[in-house]
Structures are given as structure tokens and as C-alpha cells.
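Written below as C-alpha cells is the structure these notes are about.
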Amino acid sequence: MDVHSPEQRSFNMSKIRGKDTRPEMMVRGWLWANGYRYQLHRKELPGKPDIVLPKYRAVIFVHGCFWHRHGCQSTTTPESRRDFWLAKFSENVSRDKRNIAALLELSWRVMVIWECSLRGKNATPELVAEQIADFLNSETRFAETGTQWKREEKDG
């Protein structure tokens, strides 16, 4: 059973942002301060990436751990309407995989930055900044922050 009334739950959910989140703003602030120029949410690219860096043929997604199912301590599942939430999360993860595959197929390089690496008790924003610079100044096709630094080098 939900601890909030349907009206309160609706209000709470309406305040969850899809763009300009604090973690996204942290990444954008670091990029701009370090001379990286970018575009936002380009609609013609699969998944409308949060940050697009055309000069580097790279995109950055700043994913919330809850919505995109990172697997860290923030990846909880609500107790009410469990079937709805499991289906919702499953579709989010499937869509993320499809979008990343489509971007790689279009020769874009993709980086996923997980919210927990920027906020919370285990956050390492300085390390994330180093990983972003490393990614942008390499030929790495896919990179992901989080508990482990994951990179896939360019083929061939």
C-alpha cells in the first residue's frame, strides 16, 4: 500500500525531471568550464542524448540509477503496483540498449554516467571528470561510470 494519497503521489511524480537534472547540470558545468562545447537533447539522434559533442562525435547520457536500473543501492523497486514498475523499468532498459546500439551503429561514441557516481555517499565527481576527459580524448566507442570504469575500444 502506498503511504501517499493518489494526489500527493501524482504531485511528487510530476516534479521528477527528465532534463536539466542536478547530475546533468554538474556534468555540463564541468564540460563548459574545461572548454568542451556541446549541444543538448538533439532530437534527430536515437534516445535524444543529454549531451552531444559533435567535435568528438560523442554523446553523453546522464542516467538516474532508479529509472535506468543501474544496480546500485538506488535501484529500488516500489512495493505498490510492482508489475507496472517492473514492466516500466524493463522497457526503459531495453530502450536504453536499443538507443546505444543505434548510436554506435551511426558511428557515435557513447558514454553513460550514472547518477550515483556524481551524488550520494559513494560519489566520485573528480574521478568522473577524469573519465569524461579520458573518454573524449580517446577513440573509445563506449564508456560507463559507476562501480567499475567500463570502456570498449574502437574496433580494428
Side-chain angles (χ1 to χ4, degrees), residues 13-78 82 84-156:
M13 296 303 284
S14 75
K15 296 300 174 192
I16 297 171
R17 300 165 136 189
K19 296 179 182 175
D20 301 331
T21 61
R22 282 192 197 123
E24 184 182 330
M25 297 303 284
M26 289 174 68
V27 172
R28 286 165 44 185
W30 182 88
L31 286 166
W32 193 265
N34 286 278
Y36 295 100
R37 299 301 178 247
Y38 53 83
Q39 299 168 349
L40 300 176
H41 314 289
R42 290 221 341 228
K43 291 178 177 73
E44 75 275 8
L45 291 177
K48 292 188 286 187
D50 298 316
I51 301 167
V52 180
L53 297 109
K55 178 179 177 180
Y56 299 89
R57 191 94 176 141
V59 301
I60 298 176
F61 289 99
V62 183
H63 280 341
C65 299
F66 175 80
W67 294 104
H68 297 272
R69 312 315 282 170
H70 179 221
C72 66
Q73 65 187 15
S74 298
T75 310
T76 60
T77 302
R82 237 172 136 66
F84 165 82
W85 285 109
L86 292 174
K88 169 94 175 136
F89 295 142
S90 177
E91 178 53 32
N92 287 354
V93 171
S94 296
R95 185 174 47 250
D96 290 343
K97 288 179 181 176
R98 284 193 310 270
N99 290 333
I100 289 170
L103 286 162
L104 292 170
E105 185 68 27
L106 292 169
S107 298
W108 283 90
R109 299 181 313 116
V110 179
M111 182 175 200
V112 175
I113 299 175
W114 291 100
E115 178 182 23
C116 65
S117 64
L118 295 169
R119 296 179 59 181
K121 65 181 179 184
N122 296 322
T124 55
E126 302 83 13
L127 178 60
V128 173
E130 190 178 308
Q131 291 169 342
I132 294 169
D134 181 35
F135 170 71
L136 292 176
N137 296 303
S138 71
E139 293 189 12
T140 301
R141 296 192 65 221
F142 177 81
E144 184 176 6
T145 67
T147 54
Q148 291 281 318
W149 175 229
K150 180 179 168 184
R151 293 179 6 165
E152 283 182 25
E153 296 301 326
K154 188 173 184 176
D155 295 335

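Below, each value reflects all heavy atoms present in this structure, side chains not excepted, and no hydrogens, waters or symmetry copies.
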(message) Could you measure the distance from the OG1 atom of T124 to the CD atom of E126? Nearest 0.5 Å is fine.
(response) 7.5 Å
(message) With a 4.5 Å cut-off on side-chain heavy atoms, are T145 and L127 touching?
(response) no
(message) Quick check for you: to the nearest 0.5 Å, what is the distance between E24 atom CD and L40 atom CG?
(response) 6.5 Å
(request) Find the distance between CD (Q131) and CE (M111) and round it off to the nearest 0.5 Å. (result) 5.5 Å
(request) Drop me the distance from L103's CG to R141's CZ, to the nearest 0.5 angstrom. (result) 10.5 Å
(request) Locate the shortest heavy-atom distance separating N137 from Y36; write the atom from each residue and the value. (result) ND2-OH, 3.0 Å
(message) Can you tell me how far apart CH2 (W30) and CD (E130) are? Round to the nearest 0.5 Å.
(response) 9.5 Å
(request) Is it possible for you to check whether R28 lies under 6.0 Å from the centre of the six-membered ring of Y38, through NZ or CZ, and within 45° of that ring's axis? (result) no
(message) Using modelled atom types and a 3.5 Å cut-off, is there a donor and acceptor pairing between side-chain atoms of S90 and backbone atoms of L86?
(response) no
(request) Specify the closest pair of heavy atoms between R109 and E139, including all atoms of both residues, with the distance to one decimal. (result) NH1-C, 4.0 Å
Distance-only criterion, 3.5 Å: show the donor-acceptor pairs between side-chain atoms of residues 54-65 and protein atoms not counting sequence neighbours.
{"unit_1": "R57", "atom_1": "NE", "unit_2": "S107", "atom_2": "O", "d": "3.3"}
{"unit_1": "R57", "atom_1": "NH2", "unit_2": "L106", "atom_2": "O", "d": "2.7"}

(request) For residues L53 and W108, report the shortest heavy-atom separation together with the two atoms involved. (result) O-CZ3, 4.4 Å
(request) Check side chain to side chain donor-acceptor pair (under 3.5 Å) between R69 and all other residues, then give those that pass, not counting sequence neighbours. (result) T77
(message) Looking at E91, I'd like to know if its CD atom is crowded, meaning that more than 12 non-hydrogen atoms belonging to other residues, nucleotides or ligands lie closer than 6.0 Å.
(response) yes
(request) Quick one: sort the W67 and F89 rings into parallel, tilted or perpendicular, breaks at 30° and 60°. (result) perpendicular
(request) Check D50, T21, L118 against V27 for a side-chain contact (heavy atoms from CB on, under 4.5 Å) and give me the one that passes. (result) L118
(message) Measuring from atom CD1 of I100 to atom CZ of F142, what distance do you get when rounded to the nearest 0.5 angstrom?
(response) 4.5 Å
(message) Contact between F66 and E115 at the side-chain level, heavy atoms closer than 4.5 Å - yes or no?
(response) no
